[in-house]
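Right, one structure below, let's go through it.
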Amino acid sequence: MRRSDICLYLGPGNRAQLETLLANRNRPRKLTKRAGIVDATADCVVSVEIKRG
């Protein structure tokens, strides 16, 4: 589900940094969870969906 009223824009460089954080399994779990939240928000995913997932 997408929302147009709440969305975060990430440039290509920032998106690449997030993808690197998410792919690195040696990072602390809380850091990768936060990176996932930012990534989902940038994709305009509804916060309820982010919370579930």
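If you read the sequence from its start, that first residue is 1, and numbering goes on from there. Note that this is a predicted model, so its numbers are computed, not measured.
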Identify every side-chain donor-acceptor pair in residues 7-15 under 3.5 Å, counting partners at least two apart or on other chains, and give the distances.
from : atom 1 : to  : atom 2 : distance (Å)
R15  : NH1    : D39 : OD1    : 2.5
R15  : NH1    : D43 : OD1    : 3.2
R15  : NH2    : D43 : OD1    : 3.2

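The side-chain hydrogen bond (donor to acceptor under 3.5 Å, both in side chains) pairs that include a residue from residues 17-27 number zero, where partners must be two or more places apart or lie in different chains.
The distance from the CG atom of L22 to the CG atom of L31 is 9.0 Å, given to the nearest 0.5 Å.
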